[in-house]
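Written out below as structure tokens is the structure these notes cover.
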2 protein chains.
Amino acid sequence: MSLSDTNSWKGIRTELLRRIHDRIWQPGEQIPHEADLAEEFGCARTTVNRALRDLAQSGLVVRKRRAGTRVALNPPQRATLTIPIIREEIEALGHTYRHSLLERDLRPLPPVLHGAFQVTLGADVLFLKTLHFADDRPYAYEERYINLEAAPEARDLAFDRISANEWLVHNAPYTHGDLSFFAVNAGDNLSRQLDAAEGTALFAMERITWSADLPITHVRLIFAPGYRMRTEI
Amino acid sequence: MSLSDTNSWKGIRTELLRRIHDRIWQPGEQIPHEADLAEEFGCARTTVNRALRDLAQSGLVVRKRRAGTRVALNPPQRATLTIPIIREEIEALGHTYRHSLLERDLRPLPPVLHGAFQVTLGADVLFLKTLHFADDRPYAYEERYINLEAAPEARDLAFDRISANEWLVHNAPYTHGDLSFFAVNAGDNLSRQLDAAEGTALFAMERITWSADLPITHVRLIFAPGYRMRTEI
DNA sequence: TAAGATAATATGCATGCACATATTAACGTG
DNA sequence: CACGTTAATATGTGCATGCATATTATCTTA
């Protein structure tokens, strides 16, 4: 059975996609009901449903009960980013990974983070500064706060062998998080660490993760000059 | 029926998620077969299948025929970014949107783009420079190339009322594209357009879209200082 | 006629079943 | 014992059916 056969849900999806791309069904226009499509394609309604659900998930059609299915007016430009573990990203590029722990101590959470990262007032958090290398060239600079209430074992770990990121991924899985991307100028410290001219624009990522209501970690990663985060859509 | 009931596929998903988060099923470990889970939850295998498919899509479990389902070793740091139409993004923030077309002409494709954006050799492309404003403050600067072979009607459009982005979304839908994010320093031109000090780090996005094999447009958007692209994971 | 009750309808979902397909394990055979 | 064949098995998918649920259209009733 080939993919273009219309009697598999993927085949039906392909055909529906074609009709949308070829503007046979215009944006905003209502498309036939599941039952009608099922009859047309000579398959069960379930199968059409599967195809339509898939299109709805990718945002190409909008579905509402009773109201029917219509082609999305503004196909959301939705992209799935895969944020790799730095070591894996570097090794995938064929380079050798290593990291160096620049700093590790317990300290109160800095006031700027009080809003976003609500740990028990006055409790110390574990602070880590790490530099990630690819073939001995600096790749990314990391500043991380770990909530010891969420990961008490972290207090006794050095994080010189395994990186905090990898340890946390395996030992304190999160349920949800916030992620943001932005640009920063290399200041005094960053330019030294990342071997960049002072003032260079650097790509940065900030992430906070929670396990249910408990914040786990706040991490800010700043990449060496030239870094691009890519994806396909 | 509440979400936590185990006899709906979402309820089952919730329960499976709990077992993964609580490390009842460890990363890398194989979890029971669909049939066993169906029996345990007292539902049809199809329903368990639906829940597992959903978990697989979000990357939390890895499924292979015959081999079974196992908890992902490296829980995917996968994030879905929604790249909004700028006008909608600005209006959603409660600001007034307007844009101004700074430049519009036909020209050959610049050599740097020959690799990524393969239009017929020697053919002119439509070049647009646009500045997007939120409440009369510059919000983003856009440089765009449109392949006239993919969207011939664009040749006769002024793009002073409707933005090229919105027009293309509605009139030349793409099948796939490449997207990347990076940081740039504000040069002479950018600092003037975006009202930023020279050298300021700016967040930038580049996107190329195709309809099947035909390139449609190449766009580079550079945002005013302070811009953050956010998402939840 | 406006507001509220009621019916109609499209999608959402669960079930039981059958068969397809990929992958691994077991088995022969040279 | 290496290698190719075959069987076993877990997931993938399709179908017919029935009921659930959200939303709209229609029909009351004051």
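Just the heavy atoms: all of them, side chains too, but no hydrogens, waters or symmetry mates, feed the values below. To find a chain, count down the sequence lines: A is the first, B the second, and so on, and within it residues start at 1.
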Answer yes when B:Arg45 and B:Glu34 have at least one side-chain N-carboxylate O distance shorter than 4.0 Å, and no when they do not.
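So B:Arg45 pairs with B:Glu34 through a salt bridge.
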Is it the case that atom CZ in A:Arg155 sees more than 12 heavy atoms from other parts of the structure closer than 6.0 Å?
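12 or below, so no.
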Spacing of [X] atom [atom1] relative to [N] atom [atom2], expressed in whole Å:
X	N	atom1	atom2	value
B:Glu39	D:dA10	CD	C1'	16 Å
B:Asp54	D:dG12	CG	C1'	16 Å
B:His33	D:dT9	NE2	P	10 Å
A:Arg66	D:dT26	CZ	C1'	10 Å
B:Leu52	C:dA14	CG	C1'	16 Å
B:Arg13	C:dC13	CZ	P	10 Å
B:Leu16	D:dT11	CG	C1'	15 Å
A:Arg70	C:dT11	CZ	C1'	14 Å

Mind checking B:Arg45 for me? I need base, sugar-phosphate or nothing, with any heavy atom below 4.0 Å counting as a touch.
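Base: the residue B:Arg45, judged by heavy atoms under 4.0 Å, touches a nucleobase.
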If the cut-off is 4.0 Å, is [X] near the phosphate of [N], judged by side-chain N/O to OP1 or OP2?
X	N	value
A:Thr69	C:dA10	no
A:Thr47	D:dT13	no
B:Arg50	C:dA14	no
B:Asn49	D:dT13	no

Is a donor from one side chain sitting under 3.5 angstrom from an acceptor on the other, for B:Thr120 and B:Glu149?
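Present: a donor and an acceptor within the cut-off.
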Do A:Glu89 and A:Tyr139 meet the criterion of a side-chain donor-acceptor pair at a distance under 3.5 Å?
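Short answer, yes.
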With nearest nucleotide decided by heavy atoms, which residue, B:Gln30 or B:Thr46, maps closer to the 5′ end of DNA chain D?
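Upstream on the strand: B:Gln30.
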Classify the side chain of A:Arg63 and the base of C:dT11 as holding, or not holding, a donor-acceptor pair under 3.5 Å.
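Per atom types, no contact qualifies.
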From the options B:Glu166, B:His99, B:His132, select the one residue that forms a side chain to side chain donor-acceptor pair (under 3.5 Å) with B:Arg87.
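Single side chain to side chain donor-acceptor pair (under 3.5 Å) partner of B:Arg87 among B:Glu166, B:His99, B:His132: B:Glu166.
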The side chain of A:Glu34 is closest to which nucleotide in this list: D:dT24, C:dG12, D:dT11?
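Minimum distance to the A:Glu34 side chain belongs to C:dG12.
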For the side chain of A:Arg65, starting at C-beta, report the closest nucleotide among C:dG12, C:dA14, C:dT21.
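Selected nucleotide: C:dG12.
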Could you check A:Ala35 against B:Ala44 and say which one's nearest nucleotide on DNA chain C is further toward the 5' end?
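Its nearest nucleotide being more 5', the pick is A:Ala35.
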